[in-house]
2 protein chains.
Amino acid sequence: MENSNSCITCVSPNCFLKLCSNEWIQLIEGHKTETSYEKGQYVFNAGDLVNGLYFVKRGKIKVVSNGLNNKEHIVRLATDGHVLGHRGFGGETYPISAIAMDDSVICFVDNETISKAFFHNPHFTVKLMLFYSEELRGIEARMTYLAQMTVRDRVAFALLYLKDVFGYNSSGEILNANITRADIADICGTNVEQVIRNLTDFEKEKLVAKEGKKIRITNEEGLRQMLVIYNFKFVPKMHFIS
Amino acid sequence: MENSNSCITCVSPNCFLKLCSNEWIQLIEGHKTETSYEKGQYVFNAGDLVNGLYFVKRGKIKVVSNGLNNKEHIVRLATDGHVLGHRGFGGETYPISAIAMDDSVICFVDNETISKAFFHNPHFTVKLMLFYSEELRGIEARMTYLAQMTVRDRVAFALLYLKDVFGYNSSGEILNANITRADIADICGTNVEQVIRNLTDFEKEKLVAKEGKKIRITNEEGLRQMLVIYNFKFVPKMHFIS
DNA sequence: GGGAGAATCTGCTTTTTCGCAGAAATGTTT
DNA sequence: AAACATTTCTGCGAAAAAGCAGATTCTCCC
């Protein structure tokens with residue numbers, strides 16, 4: 001509950017809520033809760049009835065789907081400005097959870113308020129729709145990689161995906177996320193051992209450098225080149241506000 | 001170009017365009033083209049700049065992503081009332097195509113007209129957004145199945161997915177789609193031989209019956225039971241109009 | 001109804017991936 | 001700083017999946 005709780009003075013530059021009229025922003029503020037999550041904490045859990053939208057103010061979130069014996073699979077990574085918790089329909093629930101990968105701050109607005117806002121803030125609604133449309137395109141592409149790539153190439157892909165969403169940290173080309181080998185495995189749809197084996201190979205090939213559990217990408221272009229045979233290309237980030 | 005070209009008299013019950021005001025429907029009709037596609041024909045092709053939305057009036061469409069050496073992977077199936085061709089951003093293109101699996105009729109509306117309609121037809125915009133949101137949830141779930149299931153279970157999943165989207169045909173439990181074993185392989189992310197081997201197994205286990213290239217599901221519940229360990233559950237179809 | 005072409009099917013070998021077990025390293029807590 | 005817990009790493013055998021080759025069957029079109 002840091003900062004003020006007001007959208008007007010909120011420092012998050014990409015929040016969709018800012019696309020609402022001032023009048024509506026004030027109205028939404030009355031129905032908004034801002035919560036801080038520690039690393040590892042659940043934003044929402046599989047089976048919960050998601051009855052609102054989560055707007056990521058700041059942080060790093062993994063959206064996981066629970067499959068075989070509730071083993072987690074990371075279907076999406078989210079960061080500042082992204083939206084979590086698709087509007088629920090008819091009360092059915094999907095086995096999808098959102099977990100903070102680092103300390104994060106997220107605003108929640110209930111469905112009723114959001115629905116009303118949709119009908120009075122076309123700019124907000126349209127941009128949010130375009131966000132979903134973009135996410136759909138992105139996941140369609142990732143799905144193909146998952147289906148067709150070898151484990152080795154999926155590991156390379158996961159590193160680039162992490163970089164494209166979370167970027168590097170201040171000290172250079174180190175992946176800016178508190179990820180374990182197991183997280184990478186959960187993105188790739190493989191197991192920890194395979195991830196480690198391939199990271200070791202990548203290190204020998206001077207593509208990455210392991211620094212403890214941190215990973216430094218020493219040859220990003222080389223990783224991308226590995227994936228051109230799959231039509232892989234960088235997915236430019238959407239500019240939410242325009 | 002059968003039927004009249006008018007949305008007012010259109011027989012498609014689920015078309016999103018019907019959510020626009022009468023005034024706007026008439027305006028859209030002036031910018032709309034209705035095209036018939038034969039089986040196998042491309043609605044749009046990877047690399048095309050998608051500059052509008054396609055509304056499926058009637059038919060069966062596969063949305064494919066071209067990955068390794070342009071091998072196709074089916075990321076989504078679409079039928080009556082569904083929407084294809086996410087709004088393009090900044091001109092970048094994804095390697096995604098849409099192909100008619102049977103004779104289909106699809107209406108196309110250019111981006112400029114659609115964008116204007118968004119701002120004057122909140123009901124239309126909100127419903128379309130919810131459609132995307134639902135599609136996103138669905139593909140997140142499918143992605144997990146793809147990542148965690150064995151080939152055998154993915155084949156079972158593909159059969160159920162085909163059934164849930166296209167249903168059975170009039171003569172009973174035969175999958176109502178003109179699909180090849182290769183199509184199923186492209187949904188599963190495997191090859192034709194594996195699909196055939198597993199279909200043969202399923203037949204021995206009295207789960208399906210092969211009738212030429214057609215597939216009859218003789219024990220749908222049995223197939224679903226096979227997938228409960230993955231938290232698989234039926235995804236109820238959205239009711240577009242409400 | 002017959003024939004050409006496409007799709008389906010089967011057996012076999014090779015390759016990839018998985019998964020266990022145990023060692024080493026890292027990082028966290030007291 | 002030491003002890004503990006977690007994570008990372010490596011080797012190896014087992015299992016799953018892929019890929020090839022060739023036979024059969026189906027379907028569509030004339």
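Heavy atoms only: backbone and side chains are in, while hydrogens, waters and symmetry mates are out.
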(request) Check whether any side-chain N or O of B/Asn176 sits under 3.5 Å from a backbone N or O of B/Lys163 as a donor-acceptor pair, and report yes or no. (result) no
(message) Without decimals, in angstroms, what is the distance between A/Asp201 CG and D/dG11 P?
(response) 11 Å
(message) What's the closest nucleotide to the side chain of B/Ile196 if the choices are D/dT8, C/dT8, C/dT17?
(response) C/dT8
(request) Indicate yes or no for a side-chain donor-acceptor contact from B/Thr218 to the backbone of B/Lys206 under 3.5 Å, with no hydrogens or angles considered. (result) yes
(request) Please tell me which of A/Asn191 and A/Lys214 maps to the more 5' nucleotide of DNA chain C, matching each residue to the nucleotide holding its nearest heavy atom. (result) A/Asn191
(request) Whole angstrom is fine here: how far is it from CZ in B/Arg152 over to P in C/dC18? (result) 19 Å
(request) Using only side-chain N and O atoms of A/Gln194, determine if any of them is under 4.0 Å from OP1 or OP2 of C/dT17. (result) no
(message) Which is more 5' along DNA chain C, the nucleotide nearest A/Glu211 or the one nearest A/Arg154? Just name the residue.
(response) A/Arg154
(message) Can you see if the side chain of B/Thr190 gets near the phosphate of D/dA18 - specifically, an N or O under 4.0 Å from OP1 or OP2?
(response) yes
(request) For B/Lys39 and D/dC29, give me the distance from atom NZ to atom C1', rounded to whole Å. (result) 13 Å
(message) When you measure from the side-chain N and O atoms of B/Thr200 to the phosphate of C/dT10, is any distance below 4.0 Å, counting only OP1 and OP2?
(response) yes
(message) What is the distance, to the nearest angstrom, from the CG atom on B/Asn178 to the P atom on C/dA6?
(response) 16 Å
(request) Could you please name the option among D/dG19, C/dT17, C/dT8 that lies closest to any side-chain atom of A/Thr150? (result) C/dT17
(message) Please tell me whether B/Tyr145 and B/Phe232 form a close aromatic pair, meaning their ring centres lie under 6.0 Å apart.
(response) yes
(message) Side chain of A/Arg197 only, heavy atoms from C-beta on: which candidate in D/dC12, D/dG19, D/dT8 is closest?
(response) D/dC12
(message) Assess whether a salt bridge exists between A/Arg224 and A/Asp164, defined as any Lys/Arg side-chain N lying under 4.0 Å from an Asp/Glu carboxylate O.
(response) yes
(message) What is the separation between atom CZ on A/Arg181 and atom P on C/dT26, rounded to the nearest whole Å?
(response) 11 Å
(message) Counting distance alone, no hydrogens or angles: does the base of C/dC18 have a donor or acceptor under 3.5 Å from a partner atom on the side chain of A/Glu193?
(response) no
(request) Quickly work out the A/Lys210 NZ to D/dT7 C1' distance and round it to whole Å. (result) 12 Å
(message) Between C1' on D/dA17 and CD on A/Gln148, what's the gap in Å once rounded to a whole number?
(response) 15 Å
(request) Quickly work out the A/Leu199 CG to D/dT7 P distance and round it to whole Å. (result) 16 Å
(request) Give a yes or no answer on whether the side chain of B/Glu203 reaches the backbone of B/Lys210 with a donor-acceptor pair at less than 3.5 Å. (result) yes
